[in-house]
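These values consider heavy atoms only, across backbone and side chains, with no hydrogens, waters or symmetry-generated copies.
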Amino acid sequence: MINHHPSDETLLRQASGSLEAGPRIVVAVHIGGCPACAERIAQFEATGGLFLDEIEPQAMSQDALDRQMARIEVDGERREEHSGPARADIGIRLPAALDGCGVGPWRWIGPGVRWSRVTVPQDDGANVMLLKVAAGRRMPEHTHSGYEYTQVLKGSLYDARGRYGPGDLDEADDEVQHQPVVDESGECICIAALEGQMRLRGFFGRLIQPLLGG
Ligand SMILES: [Zn+2]
């Protein structure tokens with residue numbers, strides 16, 4: 001049961017490709033597990049497609065098409081030869097939307113909190129991370145300049161705005177001073193991305209900020 005979804009504005013930006021690479025990955029993870037948002041995206045893409053249809057299609061010869069297909073096949077083979085970026089075994093099955101992303105090992109950043117850096121092939125500088133927080137613990141305190149997107153993969157957490165379980169996506173702007181708490185029933189694993197610069201504060205901040213290069 002999914003209770004928290006990306007806003008229509010976010011889905012529209014996802015459909016149009018204008019969302020930054022980091023948030024795009026997190027929203028893609030949500031869409032991969034949420035039929036309602038997948039349908040919404042399809043609607044937005046169809047609307048966008050109407051505009052594309054107005055552009056005169058380029059005549060393409062059969063020969064050109066064959067060559068195009070051959071190129072795709074070769075690329076496909078190449079992709080299988082290289083196994084892609086390194087992915088550490090972090091103990092959970094990662095969503096398909098993360099295929100092609102690098103995943104680092106869990107690193108300890110404080111009592112009950114571990115994080116893993118996710119690298120996005122489209123953007124080396126994307127701020128994407130997996131967070132694993134033990135039952136009853138708080139998420140690291142931080143502020144940021146843009147929107148923050150957090151998709152719950154396992155467990156649940158809550159703050160003043162509500163409870164977020166597996167499949168839920170939390171969108172928080174810089175007005176939200178939040179430090180969600182993980183439910184007592186078990187650890188919580190989520191994937192988070194930030195737009196703009198992040199500034200972590202306090203104990204976690206001093207530990208993690210050098211790793212983010214901020
Ligand atoms: Zn949704």
Participant: Taking all heavy atoms of Gly33 and all of Ile2, pick out the closest pair and write down the distance.
Facilitator: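 The pair with the smallest heavy-atom distance is O-CD1, 3.3 Å.
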Participant: Start with the C-alpha distance between Lys132 and Leu153, add both sets of side-chain angles, then the distance that settles side-chain contact (heavy atoms from CB on, under 4.5 Å), and finish with yes or no.
Facilitator: CA-CA 10 Å; Lys132 180 160 79 166; Leu153 302 176; over 6 Å; no
Participant: Is there side-chain contact between Pro6 and Gln14, with at least one heavy-atom pair below 4.5 Å?
Facilitator: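 They are not in contact (no side-chain heavy atoms under 4.5 Å apart), so the answer is no.
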Participant: Under the side-chain contact (heavy atoms from CB on, under 4.5 Å) rule, what do Arg24 and Val120 come out as? Steps first, then yes or no, please.
Facilitator: CA-CA 10 Å; Arg24 194 158 67 228; Val120 181; over 6 Å; no
Participant: Between atom CD1 of Ile31 and atom CD of Gln151, what is the distance when rounded to the nearest 0.5 Å?
Facilitator: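 Between atom CD1 of Ile31 and atom CD of Gln151 there are 9.5 Å.
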Participant: To the nearest 0.5 Å, what is the distance between SG on Cys37 and CZ on Phe44?
Facilitator: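 Separation between the atoms: 9.5 Å.
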Participant: Search all heavy atoms of Ala193 against all heavy atoms of Pro23 and return the closest pair with its distance.
Facilitator: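 In terms of heavy atoms, the two residues are closest at CB-N, 3.6 Å.
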Participant: If you count every heavy atom of other residues, nucleotides or ligands that lies below 6.0 Å from Gln43 atom CD, does the total exceed 12?
Facilitator: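 Result for CD/Gln43: enclosed.
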Participant: Taking atom OG of Ser18 and atom CD of Glu9, what is their separation to the nearest 0.5 Å?
Facilitator: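 CD of Glu9 is found 8.5 Å from OG of Ser18.
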Participant: Test Tyr147 against Leu19 for side-chain contact (heavy atoms from CB on, under 4.5 Å), laying out the working first.
Facilitator: CA-CA 11 Å; Tyr147 270 87; Leu19 209 56; over 6 Å; no
Participant: Which distance, rounded to the nearest 0.5 Å, do you find between the NE2 of His5 and the CG of Asp168?
Facilitator: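 It is 7.0 Å, given to the nearest 0.5 Å.
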Participant: Please give me the minimum heavy-atom distance between Ile90 and Trp106, naming the atom from each residue.
Facilitator: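 Looking at all heavy atoms of both residues, the closest pair is O-NE1, 3.0 Å.
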Participant: Hey, could you give me the CD/OG1 distance between Glu171 and Thr10, rounded to the nearest 0.5 Å?
Facilitator: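 One gets 3.0 Å once the value is rounded to the nearest 0.5 Å.
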Participant: Please report the closest heavy-atom contact between Ala15 and Glu45, naming both atoms and the distance.
Facilitator: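 Smallest interatomic distance, heavy atoms only, reads CB-CG, 3.9 Å.
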Participant: Taking C-beta and beyond as the side chain, do Leu169 and His4 meet within less than 4.5 Å on heavy atoms?
Facilitator: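 No, their side chains stay 4.5 Å or more apart.
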Participant: To check you understand the geometry: which heavy-atom pair defines the closest contact between Ala21 and Gln122, and what is its length?
Facilitator: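 Smallest heavy-atom distance, with atoms named: CB-CB, 4.5 Å.
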Participant: Have a look at Asp183 and tell me which of Lys154, Arg163, Arg137 forms a salt bridge (charged side-chain N to carboxylate O under 4.0 Å, His left out) with it.
Facilitator: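 For Asp183, the salt bridge (charged side-chain N to carboxylate O under 4.0 Å, His left out) test succeeds with only one of Lys154, Arg163, Arg137, which is Arg163.
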Participant: Provide the closest heavy-atom pair for Gly104 versus Ser116 in the form atom of the first, atom of the second, distance.
Facilitator: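 What the structure gives for the nearest pair is O-OG, 2.7 Å.
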Participant: With a 4.5 Å cut-off on side-chain heavy atoms, are Arg161 and Asp170 touching?
Facilitator: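 Yes. Closest side-chain heavy atoms under 4.5 Å.
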Participant: Nearest 0.5 Å, what's the OH-OH distance between Tyr158 and Tyr164?
Facilitator: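 Going from OH on Tyr158 over to OH on Tyr164, the span is 14.0 Å.
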Participant: Answer whether the closest heavy-atom distance between the side chains of Ile191 and Leu98 falls below 4.5 Å.
Facilitator: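 Contact flag for Ile191/Leu98 side chains = yes.
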Participant: Verify the cluster assignment for Trp115 and Val181: are they in a single hydrophobic cluster under the rule of side-chain heavy atoms below 4.5 Å apart?
Facilitator: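 Different clusters: Trp115 never reaches Val181 through Ile, Leu, Val, Met, Phe, Trp or Tyr contacts under 4.5 Å.
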Participant: Does a side-chain heavy-atom distance below 4.5 Å link Arg117 with Asn127?
Facilitator: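 Heavy-atom side-chain distance check passes, below 4.5 Å.
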Participant: Step through the shown structure and confirm whether more than 12 heavy atoms of other residues, nucleotides or ligands are within 6.0 Å of CG on Asp89.
Facilitator: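 Open.
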Participant: Given Glu20 and Asp123, is the side-chain contact (heavy atoms from CB on, under 4.5 Å) satisfied, shown in steps?
Facilitator: CA-CA 9 Å; Glu20 284 178 25; Asp123 182 358; 5.8 Å; no
Participant: With Val182, which residues qualify under side chain to side chain contact (heavy atoms under 4.5 Å, CB included), at least two apart?
Facilitator: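 Applying side chain to side chain contact (heavy atoms under 4.5 Å, CB included) to Val182 gives Val133, Leu157, Cys188.
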Participant: I'd like to know if Arg114 pairs up with Glu187 as an ion pair, taking the criterion as any Lys NZ or Arg NE/NH1/NH2 lying under 4.0 Å from an Asp or Glu carboxylate oxygen.
Facilitator: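 No, this pair does not count.
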